[in-house]
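As structure tokens, the structure follows; a few thoughts come after it.
Only a predicted model underlies this, so the values are computations on that prediction, with no experimental measurement involved.
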Amino acid sequence: MLTLARTTVARNFTRSLRLNAAGGSAALHTLPDLPYGYDALEPHICKEIMELHHKKHHQAYVTGLNDAEKKYTETNDVKTRINLQAALKFNGGGHINHTLFWKNLAPSSSGGGSLKDGNLKDAIIRDFGSVEKFKEQMNAKTAAIQGSGWGWLGFNKDARKLEIVTTPNQDPLLSHVPIIGIDIWEHAFYLQYKNVKADYLKAIWNVINFEEAESRLAQALKD
């Protein structure tokens with residue numbers, strides 16, 4: 001059974017706070033390895049972007065999360081703990097989102113960009129009219145984010161349907177089960193695509209791991 005990366009990271013995050021607050025101990029959050037080489041997504045996402053994005057930006061969120069958790073558990077002062085909430089949300093969300101994001105991608109040579117017949121394709125056509133219309137809507141809503149954030153294809157468990165939603169900054173997607181997430185922070189594309197978000201959003205579909213997305217949807221339908 002597939003365990004969603006978001007759920008796993010979030011559960012470990014909460015468990016870490018509770019254990020430390022109770023005087024116990026928990027392993028620090030760590031940077032996950034990529035399931036492919038830094039150059040594996042070229043020419044759609046270049047090696048330099050992937051190295052900086054993973055080694056520097058994601059690592060910074062992991063470091064910031066560990067630091068915020070440590071400070072949180074070292075004090076019983078309510079005001080101090082409230083003041084740490086922003087750092088916990090930002091860095092915790094950054095860690096959750098990027099852990100999902102890396103698995104969201106796959107080299108074209110390994111099936112990236114290929115949406116096969118199955119439940120995911122059927123659901124996309126049902127909820128958006130066609131695969132192309134879905135991509136157009138997803139790109140438009142993601143490009144429209146002011147500043148930085150994430151575009152998501154999420155599964156609405158109450159409505160039992162796929163929906164496109166966005167989150168600002170590094171806020172994790174909590175209202176839906178994340179099926180596909182696209183990072184629209186400049187560090188995800190600027191070195192290669194400059195300020196042309198549309199080109200980045202068009203290119204990323206060539207390396208979207210639809211097999212992973214299919215697995216996430218299957219798990220969401222079971223829960």
May I have the step-by-step check of side chain to side chain contact (heavy atoms under 4.5 Å, CB included) for Lys121 and Val131, ending in yes or no?
-> CA-CA 7 Å; Lys121 186 175 182 180; Val131 175; 4.2 Å; yes
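- Taking CD1 from Ile204 and CG from Asn139, the interatomic distance works out to 9.0 Å, rounded to the nearest 0.5 Å.
- Residues passing the side chain to side chain donor-acceptor pair (under 3.5 Å) test with Thr167, sequence neighbours excluded: Trp152.
- When atom types are taken as modelled, the side chain of Asn206 and the backbone of Gly113 share no donor-acceptor pair closer than 3.5 angstrom.
- Side chains of Leu221 and Arg160 form a contact here, defined as non-hydrogen atoms less than 4.5 Å apart.
- A donor-acceptor pair is defined here as one N or O able to donate and one able to accept, closer than 3.5 Å; no such pair exists between the side chain of Asn169 and the backbone of Asp171.
- Ring to ring, His58 and Phe101 are not that close: their centroids are 6.0 angstrom or more apart.
- Atom CD of Gln192 is separated from atom CG of Asp199 by 10.0 Å, given to the nearest 0.5 angstrom.
- When the ring pair (Phe, Tyr, Trp, His ring centres under 6.0 Å) test is applied to Tyr200, the partners found at least two apart in sequence or on another chain are Phe189.
- Classified by interplanar angle (parallel below 30°, tilted 30° to 60°, perpendicular above 60°), the ring pair His57/His53 is perpendicular.
- At most 12 heavy atoms of other shown residues, nucleotides or ligands fall within 6.0 angstrom of atom CD in Glu211.
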Go through the steps for His54 and Leu31 under the test side chain to side chain contact (heavy atoms under 4.5 Å, CB included), then give the verdict.
-> CA-CA 8 Å; His54 181 247; Leu31 183 70; 3.6 Å; yes
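- The number of heavy atoms from other shown groups lying within 6.0 Å of CD (Gln146) does not exceed 12.
- Within the 4.5 Å cutoff, the side chain of Gln170 has no heavy atoms near those of the Asn91 side chain.
- Hydrophobic clustering, with ILVMFWY side chains joined whenever heavy atoms are under 4.5 angstrom apart, keeps Met138 apart from Val196.
- Atom-to-atom distance recorded for Lys157:NZ and Ser175:OG is 12.5 Å, nearest 0.5 angstrom.
- Asp183 places no side-chain N or O within donor-acceptor distance of the main-chain N or O of Ala188, the cut-off being under 3.5 Å.
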His187/Lys56 under side chain to side chain contact (heavy atoms under 4.5 Å, CB included): CA gap, chis, key distance, verdict | CA-CA 10 Å; His187 62 237; Lys56 300 298 183 181; over 6 Å; no
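- Both Ile182 and Leu34 belong to a single network of hydrophobic side chains, linked directly or stepwise wherever heavy atoms of I, L, V, M, F, W or Y lie under 4.5 Å apart.
- When hydrophobic clusters are built by joining Ile, Leu, Val, Met, Phe, Trp and Tyr residues whose side-chain heavy atoms come closer than 4.5 Å, directly or via intermediates, Met50 is grouped together with Ile208.
- Using a 4.5 Å cut-off on side-chain heavy atoms (C-beta onward), Pro168 and Ile145 make no contact.
- Looking only at atom types and distance, the side chain of Thr63 has a donor-acceptor partner in the side chain of Gln59 under 3.5 Å away.
- Across Leu100, Leu153, Ile96, Val165, a single residue satisfies side-chain contact (heavy atoms from CB on, under 4.5 Å) together with Leu173, and that is Val165.
- The two residues Tyr193 and Ala203 make their nearest non-hydrogen contact at OH-CB, 3.1 Å.
- Counting heavy atoms of neighbouring residues, nucleotides and ligands inside a 6.0 Å radius, atom CD of Gln85 exceeds 12 of them.
- Applying the 6.0 Å contact sphere to CG of Asp77 captures more than 12 heavy atoms from other residues, nucleotides or ligands.
- We find the OH-CG distance between Tyr38 and Leu52 to be 10.0 Å, quoted to the nearest 0.5 Å.
- Going from atom CD1 of Ile164 over to atom CD of Glu136 covers 10.5 Å, rounded to the nearest 0.5 Å.
- Smallest separation of non-hydrogen atoms from Phe155 and Ala220: CD2-CB, 3.7 Å.
- Residues forming a ring pair (Phe, Tyr, Trp, His ring centres under 6.0 Å) with Phe128 (at least two apart in sequence, or on another chain): Phe134.
- The main-chain N or O of Gly181 is found under 3.5 Å from a side-chain atom of Asn104 such that the two form a donor-acceptor pair.
- We find the CG-CD distance between Leu84 and Glu74 to be 10.0 Å, quoted to the nearest 0.5 Å.
- Here the closest heavy-atom approach between residue Leu217 and residue Ala123 is recorded as CD2-CB, 4.3 Å.
- When side chains are defined from C-beta on, His95 counts as touching Pro32, because their heavy atoms get closer than 4.5 Å.
- Between Ile184 and Lys197 there is a side-chain heavy-atom pair separated by less than 4.5 Å.
- Looking only at side-chain heavy atoms (C-beta outward), Ile49 and Leu41 stay at 4.5 Å or farther from each other.
- In this structure, Ile45 is a member of the same hydrophobic cluster as Trp185, with clusters built from ILVMFWY side-chain heavy atoms closer than 4.5 Å.
- The two residues Ala87 and Ala68 make their nearest non-hydrogen contact at CB-CB, 4.0 Å.
- Between Glu214 and Lys116 the shortest side-chain heavy-atom distance does not fall below 4.5 Å.
- By the 30° and 60° cut-offs, the orientation of the rings of Trp150 relative to His98 is perpendicular.
- Contact detail for Ala213 and Ile179: the closest heavy-atom pair is O-CG2, 3.5 Å.
- You'll find the side chain of Arg81 reaches within 4.5 Å of the side chain of Thr75, heavy atoms only.
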